[in-house]
Amino acid sequence: MKLTRCACAIPLLFLVSAKASAQTADATTSTDSKLPDITVTNARPRHNVDSSADTARALNVEPGYAAAAGGVSALPVLNGFAADRLKVKLDGMEITSACGNQMNSPMSYMPPSQLGTTRLMAGITPVSEGGDNIGGTIALSSPAPQFAKDNSKLLSTGSFSVLTRSVNAEVTASVNATVASDTLSVSYTGSSSSAESYVAGNGQKVLGSQYESNNHALTLAARGDDQQLVLKVGQQYIPYQGFPNQYMDMTDNHATFVNLGDERRYDWGKLYAKLYWQQTEHAMGFFSSERPGTMPMNTTGRDMGYSLRADFNVGQDDSGTLRLGNEWHSFRLNDYWPVVTGSSMMGPNTYVNINNGTRDRFAVFAEWEQQLSARWSTLFGIRDELVKTNTDDVQAYGNMMTAADTAAAAAFNASNRARTDNNIDLTALARFTTDERKTVEFGYARKTRSPNLYERYTWGRSTMGMTMTNWFGDGNGYVGNINLKPEVANTLSGTVDWHSEQSSNGQRDWFVKFTPYVSYVENYIDADVIGTFNPYSVSSASGVLLQFANHDAYLYGANLSWKLPLAKRSVLGDLNLTGKADLTYGRRTDGGNLYHMMPFNALLALEQQQGLWNNRAEVNYVARKTVVDSQRLEPVTASYTLVNLKSSYQATSNIVLSAGISNLFNRNYAEALGGVYLSGLSNTMAGGLQALPGYGRSFDVGMIVSF
């Protein structure tokens, strides 16, 4: 089976050995697309020494992208759209966060050690890449299975990596191994990461930010002349993860998944089939003396689904592709809070937050991609998706202190909760190659997302009940709205790409890309203020209680990225200047800024490759965040500049050593999208809510051994 080799769109934080790089080339996924690639596609090593144990944060170098909060479960933000507004696909699986705070976000289930190829598609996404989103798709794929070149000898290969960081005493280790014939392949990947609470630039520990994560995956693959069958099974175990911008922490997360994929080639084209299942057992509570307490909250979630897609070769000389597909995804959720013995508030009944919540999606789509001429190519698609949600009766604790919840539960149980949405998505894309050094892309997309189960069906009206639903990290409380309508985003976007001619290996010596965009969102799911409270009953601290509500909104901005060669084969080796700059704005049409809009930010990096050395010095600037959501009391954050140094050395043909310093000057700053420092307020019980501090200076050391 022919696999397309993807060019590396961004520099890796640490480059690996020649052998590991060769393995990466074999491990990229196929785009199978005649239309010139309109997405950012990264070929990543199977194991790379990285400065992050979190895949979401490892992608921060991408244009328009940022990550918010969490040690290994950060939520992605792309061009102002965050969390469920982005479709995250893991080897084709669609995973739903089974948590009212999204502590087990979909990207957390594929750690960097399992990552092979990343595709970020913002805004204008082909309908074949998934529905039920309005901001774009993030497709994470494992390395493609490796096979021996012939049947005379088995292939055996693998690697081991380890990384330590001083800022939080983190130790991350991973291992992979593959044994394969020319038709059968077996591979295993395992990783473990643990860290203490990190230290900010002022030398103070950021309380409740420690974590531990363990992941295992086994891949079995078989191939023939025109078919490849891949079965991947795995488990995740996170015994704890602190969230300093939430009222609770993660105290357990067990997940098991099975993913079966089949690809076949025919004279008329290709057929793809996917069948998957994942079961998640999740718990929140308190586990550390840094933030003590007692309040168990448990959830169970189950995702299962399938996808079928046929790609037909059409047109003269097979210059076009017609894609027809069908997808089904089912999610089941139970969210309940057990009685706390001896507590006058958390009892005498179990609090049932979501009871047998169901969210089923059935979709069909058609997409036509055509190479019109040597210079013009187009893509048009339509997708129809039926989304059905429902939930059973709920129950409050049932004591006098939470009488508001008892009344709310009765009203909720008396309501009609079944909802059905019929969502239509449209995509129209065109690409014009003016010459070998300039390409222009432009298009329009209509994208639709139905509310998630928490947005629609959380019902508690007490302050405690409402603050337990909050994936925004803003310290406020939220209640659902059964009558929410789906969000519909109408997006216009274009890209001008100046670049050098493509080399034989598919890379370009230089490029400059500029992408402006604008989205008008009908029925954007924002929130309305319905009350106020004092977090942790601290009189000087302010919070608001909100109900999810539809409001029209618009988002607009621009992304700029570049790679410019400064020297090639000089005394200093190869020098390149790379980077990105992003700007995003978002407002409701009836007034007020949208929450979590990243201010202007720029990343400038000087890269050097000389002999066995690869070095990178980067400057990351984030402007003062003054455009904030006032109704959510979003904090203003000051501007900051971070300097990071990274270096790797090819010690032997099988060993790569690396070292780096993050936040070289130990700048004390607050992350623009970090939310508020709730665990700090719970410790001092004085003052107001402050923005969450960022990471202080860290000395990082790593090693990769391949075999």
Side-chain angles (χ1 to χ4, degrees), residues 70-73 95-106 108-109 208 211-214 235-243 246-257 277-288 291-304 330-343 345-359 390-399 402 405-406 408-409 412-413 452-460 462-471 477-480 678:
V72 293
S73 300
I95 305 300
T96 310
S97 179
C99 173
N101 297 300
Q102 297 206 11
M103 294 179 177
N104 48 16
S105 56
S108 68
Y109 291 109
Y211 58 83
E212 179 183 333
S213 177
N214 305 278
Q235 283 192 333
Q236 180 189 83
Y237 172 49
I238 299 180
Y240 60 88
Q241 183 176 186
F243 284 82
Q246 300 285 0
Y247 286 98
M248 307 284 285
D249 294 321
M250 178 192 290
T251 56
D252 186 75
N253 199 79
H254 275 89
T256 303
F257 73 87
W277 169 90
Q278 175 163 311
Q279 178 77 22
T280 301
E281 304 287 338
H282 173 74
M284 291 191 298
F286 303 92
F287 65 89
S288 168
R291 182 159 60 170
T294 303
M295 184 182 176
M297 299 174 62
N298 301 328
T299 64
T300 60
R302 189 211 67 194
D303 289 277
M304 62 186 303
S330 174
F331 177 57
R332 297 292 182 269
L333 175 68
N334 283 286
D335 185 326
Y336 58 98
W337 311 346
V339 173
V340 176
T341 303
S343 171
M345 177 175 287
M346 290 169 279
N349 302 320
T350 295
Y351 188 106
V352 181
N353 193 31
I354 301 285
N355 183 19
N356 190 31
T358 63
R359 192 174 191 271
N390 204 349
T391 185
D392 291 342
D393 288 353
V394 297
Q395 176 178 272
Y397 279 126
N399 60 71
T402 57
D405 285 340
T406 302
F412 183 86
N413 294 337
N452 64 38
L453 293 181
Y454 286 100
E455 288 169 328
R456 232 171 209 167
Y457 295 129
T458 48
W459 51 271
S462 68
T463 298
M464 181 181 68
M466 293 180 67
T467 54
M468 296 302 103
T469 298
N470 186 329
W471 54 89
Y478 291 82
V479 66
L678 282 171

Does any N or O in the side chain of [X] come within less than 3.5 Å of the main-chain N or O of [Y], such that one atom is a donor and the other an acceptor?
{"X": "Asn353", "Y": "Asp335", "value": "no"}
{"X": "Arg291", "Y": "Phe243", "value": "yes"}
{"X": "Asn355", "Y": "Asp393", "value": "yes"}
{"X": "Thr467", "Y": "Gly477", "value": "no"}
{"X": "Gln395", "Y": "Ala409", "value": "no"}
{"X": "Asn399", "Y": "Gly347", "value": "yes"}
{"X": "Thr469", "Y": "Met466", "value": "no"}
{"X": "Gln241", "Y": "Asn253", "value": "no"}
{"X": "Asp392", "Y": "Asn356", "value": "no"}
{"X": "Asn452", "Y": "Tyr454", "value": "yes"}

For the pair Asp252 and Tyr237, evaluate side chain to side chain contact (heavy atoms under 4.5 Å, CB included) and give the outcome as yes or no after the intermediate values. CA-CA 7 Å; Asp252 186 75; Tyr237 172 49; 3.3 Å; yes
Sub-4.5 Å side-chain heavy-atom contact between [X] and [Y]:
{"X": "Thr299", "Y": "Asn334", "value": "no"}
{"X": "Ser108", "Y": "Gln236", "value": "yes"}
{"X": "Gln246", "Y": "Met284", "value": "no"}
{"X": "Val339", "Y": "Pro348", "value": "no"}
{"X": "Thr406", "Y": "Tyr397", "value": "no"}

Considering all heavy atoms, the nearest [X]-[Y] contact:
{"X": "Met297", "Y": "Met248", "value": "SD-CE, 3.4 Å"}
{"X": "Val72", "Y": "Ile238", "value": "CG2-CD1, 4.2 Å"}
{"X": "Leu453", "Y": "Thr358", "value": "CD2-O, 3.5 Å"}
{"X": "Val394", "Y": "Phe412", "value": "CG2-CD2, 3.6 Å"}
{"X": "Thr280", "Y": "Gln278", "value": "OG1-NE2, 3.4 Å"}
{"X": "Met345", "Y": "Thr402", "value": "CG-CG2, 4.1 Å"}

Measure the spacing between [atom1] of [X] and [atom2] of [Y] and express it to the nearest 0.5 Å.
{"X": "His282", "Y": "Thr300", "atom1": "NE2", "atom2": "OG1", "value": "11.0 Å"}
{"X": "Asn104", "Y": "His254", "atom1": "CG", "atom2": "NE2", "value": "13.0 Å"}
{"X": "Tyr336", "Y": "Asn298", "atom1": "OH", "atom2": "CG", "value": "4.5 Å"}
{"X": "Arg332", "Y": "Thr96", "atom1": "CZ", "atom2": "OG1", "value": "11.0 Å"}
{"X": "Met250", "Y": "Ser73", "atom1": "CE", "atom2": "OG", "value": "4.5 Å"}
{"X": "Thr391", "Y": "Ile354", "atom1": "OG1", "atom2": "CD1", "value": "5.0 Å"}

Yes or no on side chain to side chain contact (heavy atoms under 4.5 Å, CB included) for Arg302 and Ser330, after CA distance, side-chain angles and deciding distance? CA-CA 8 Å; Arg302 189 211 67 194; Ser330 174; 3.3 Å; yes
Check the angle between the aromatic planes of Tyr351 and Trp459 and answer parallel, tilted or perpendicular using the 30° and 60° thresholds. parallel
